[in-house]
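Below: one structure, written as structure tokens.
Atoms within each ligand, like the ligands themselves, are counted from 1 in listed order. Throughout, numbering of the chain's residues begins at 1 and tracks the sequence.
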Amino acid sequence: MFLDTLQQFCLRQSNKIAIEFVDEHFARAKRVRYGELEQIVLRTMAMLRVRGVGPGDRVAIQLPKCLPFVYLHLAVMRLGAISLPLNTGYPARELAYFLGDAGARLYFGDAAAQDAVSPALAGLPALTEAIFLDCTSNADFDKLVDPLLPEDAAGIRTPADPDATCLMIYTSGTTGQPKGAELTHGNLTANLASLHEAWGWQNDDVLLHVLPIFHVHGLVVALHGALNAGATTVMHRRFDPAQALATLVQRPCSVFMGVPTIHRRLVDAAAANPVSLRHLRLITSGSDRLPDDLFAAFEATFGYRLLERYGMSETSMLISNPLHGERRVGAVGLPLPGVEVRIVDPETGALLPADTVGEVQVRGANVFKGYWRQPEKSAAAFTADGWFRTGDLGMCAPDGYYTLKGRSKDLIISGGFNVYPPEVELVLADHPAVAASAVIGCPDAEWGERIVAVVVAAPGMTVSEQEIIDYCRAHLVHYKAPRTVVFVADLPRNAMGKVQKAELRQQFCA
Ligand code: MCA
């Protein structure tokens, strides 16, 4: 399994750099060799065990991108416990929900955010300790693990049960609260094997990593992918297009992964100083549909044809354009090795012929176990014969290439982050001056989609656009807050009372 493979690399190539972490000023880099990684992870496991963390316990990690995040995540999984990475942008309201729902035993948070998040940590019966770390350096973390020795973790066996959950990622939906998708050791291992084969990961690869590490894309596809190959990851704490381009060229790097917003910014940054990225072995795009014009602009600017792929938190990667062979504009490519994909009529479940749009359903060892403590929602997510309903619409060409044709769940994607309108509408409903609201995504050149809230003010109340935006920002992670608010007298509804979002998009997305 993945953790065994990583451990083997730590033993066999102890001197090789596993991660080179570059700070937010691009001034300092800290290099961690594979051998050191093993020692630090063992000490971190010992530190967690002293705190009573054992198999199945949930450990929440809400830290900025930093090395301790990586150590904690790997150590938690190796203890047989469940890593729960969380976006640092979650305000107290959202954080309290995640920690409560997951029943997190331990919470690691950013010292700079201690005052802001503390209200969320009160009244959580399962939470035994909250530890705040200053992540501008590793000093706080070192203090935590320094008293322990790698030998203190001796005797802890790498988890052997492929069906044990090791990672939980919260995803939202059209109804109800976000759900924790449970990924198992077997799921991660299967997907890494597929990607290793399809993308030809090599031991001498150098990955430039600029993505957040609290999502499947940055954590599993990118970071785990490199560690699973014993490759080197150059990790930028934040994405800066000029710094990224300089590193890609000068280091030089062989692998890079981004979302369309990131690729767009690279293209813009290179307008003044063109560079070639032809030396890279693999540059992927995912988390959102890659616009055709960006695909073309990237190739024209860098001489590299982006490889678009498709996945979800629940499944990791599913479909990818080929490393060798046609990278087709507008298509997400062919099913990855070990992943079965079919297109069915979402109403009847009947299999659909080529070139016909239907729901994308998938099956394979990569597909998650279910939603944490949500047996009904977990059951509803699968068909009777075990296929996962992605909720995405797509079609398959006669030659096997898949194309996505929209989301059946009203999902908005902004800069590669998923936003479900009901989450925003629920917050708006709590505002005293809002009688009703509908949240839509409008096309946006930079972000893919921009969030627009259409609001009916409560009788006799006045409220400004900025007040609504500020209110949402206080109660939601930044990327879910609307960028525009429009006020209307009434929302268009059908005979069943359902808001007609298509009509709103037509009216307000111009
Ligand atoms: C930042 N802002 C955003 C977003 N990101 N607003 C909307 N959508 C966003 N995605 C806000 C900031 O709060 C700020 O607001 C303003 O935009 C400008 O911030 P800036 O510094 O330019 O942004 P950034 O920090 O550079 O971030 C842009 C980014 C980032 C690098 C594109 O959004 C990003 O890392 N996206 C990747 C998402 C990702 O990894 N998704 C994977 C999940 P203000 O100035 O007003 O405060 S999907 C997944 O895992 C599945 C499995 C898959 O298939 O990959």
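- Among protein heavy atoms, the minimum distance from atom 42 (C) of ligand 1 is reached at Ser287 OG, 3.4 Å.
- When only non-hydrogen protein atoms are considered, atom 37 (C) of ligand 1 lies nearest to Gly415 O, 3.5 Å.
- The closest protein non-hydrogen atom to atom 12 (C) of ligand 1 is His478 ND1, 3.8 Å.
- When heavy-atom distances to ligand 1 are checked against a 4.0 Å cut-off, Arg265 comes that close only through its side chain, counted from C-beta outward.
- Those atoms of ligand 1 with a heavy atom of Ser313 less than 4.0 angstrom away are 52 (C).
- Ring centroids of Phe69 and Phe214 are separated by 6.0 Å or more, keeping the two rings apart.
- For Arg473, the heavy-atom gap to ligand 1 drops under 4.0 angstrom.
- Nearest protein heavy-atom contact of atom 10 (N) of ligand 1 is Ser414 O, 2.8 Å.
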- Task: Dump the intermediate steps for side-chain hydrogen bond (donor to acceptor under 3.5 Å, both in side chains) on Asn191 and Ser194, then the final yes or no.
- Result: CA-CA 5 Å; Asn191 208 237; Ser194 302; 4.5 Å; no
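- At least one N or O atom of Arg483, backbone or side chain, sits closer than 3.5 Å to an N or O atom of ligand 1.
- In this structure, atom 46 (O) of ligand 1 has protein heavy atoms in its sub-4.0 angstrom surroundings.
- The proximity of His217 to ligand 1, defined as any non-hydrogen pair under 4.0 Å, involves the side chain as well as the backbone.
- Within a 6.0 Å radius of CG in Asp115, no more than 12 heavy atoms belonging to other residues, nucleotides or ligands are found.
- At least one side-chain heavy atom of Met77 sits under 4.5 Å from a side-chain heavy atom of Phe2.
- Between Arg309 and ligand 1, at least one N/O pair is under 3.5 Å apart.
- When the heavy atoms of Phe417, Phe239, Phe214 are ranked by distance to atom 33 (O) of ligand 1, first place goes to Phe417.
- The protein heavy-atom contact nearest to atom 52 (C) of ligand 1 is Met312 C, 3.5 Å.
- Shown here, atom 29 (C) of ligand 1 is out of close reach of the protein: none of its heavy atoms lies under 4.0 Å off.
- Every side chain to side chain contact (heavy atoms under 4.5 Å, CB included) that Arg238 has, sequence neighbours left out, goes to Glu24, Phe26, Asp240.
- Remark: ligand 1 and Thr261 share no N or O pair separated by less than 3.5 Å (distance only, no angle test).
- In terms of protein heavy-atom proximity, atom 19 (O) of ligand 1 is nearest to Trp447 CH2, 4.5 Å.
- By the 30° and 60° cut-offs, the orientation of the rings of Tyr170 relative to Tyr97 is perpendicular.
- Of all the heavy atoms in Gly441 and Ile412, the pair that sits closest is N-CD1, 3.5 Å.
- Checking atom 8 (N) of ligand 1 against the protein gives a heavy-atom contact under 4.0 Å.
- Distance check for atom 25 (O) of ligand 1: every protein heavy atom is found at 4.0 Å or beyond.
- Ring pair Phe388/Phe382 is tilted by interplanar angle, where 30° to 60° counts as tilted.
- The distance from ligand 1 to the heavy atoms of Leu211 drops below 4.0 Å at these ligand atoms: 40 (O).
- Rounding to the nearest 0.5 angstrom, the gap separating the CG atom in Leu318 from the CG atom in Leu336 is 7.0 Å.
- With 2.5 angstrom as the limit on SG-SG distance, Cys66 and Cys135 do not come in below it.
- For the pairing with Leu227, the side chain to side chain contact (heavy atoms under 4.5 Å, CB included) check across Thr5, Leu207, Leu74 returns one residue only, Leu74.
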Name each donor-acceptor pair under 3.5 Å that joins a side chain in residues 475-488 to protein atoms two or more places apart or in another chain, with its distance.
from: His475; atom 1: ND1; to: Tyr471; atom 2: O; distance (Å): 2.9
from: Lys480; atom 1: NZ; to: Glu94; atom 2: OE2; distance (Å): 2.7
from: Lys480; atom 1: NZ; to: Glu423; atom 2: OE2; distance (Å): 2.8

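- Here's the thing with His215: none of its N/O atoms is less than 3.5 angstrom from an N/O atom of ligand 1.
- Residue contact check: Val216 has heavy atoms under 4.0 Å from atoms 50 (O), 52 (C) of ligand 1.
- The shortest N or O to N or O distance between Gly416 and ligand 1 is below 3.5 Å.
- Residue contact annotation: Gly218 has no non-hydrogen atom under 4.0 Å from ligand 1.
- Summarising the contacts of atom 35 (O) of ligand 1 with Pro212, Ala181, Ser316, the nearest heavy atom is found in Pro212.
- Taking the six-membered ring wherever Trp is involved, the centroid distance between the rings of Tyr402 and Tyr310 does not fall below 6.0 Å.
- Between Ser437 and His431 there is no side-chain heavy-atom pair separated by less than 4.5 Å.
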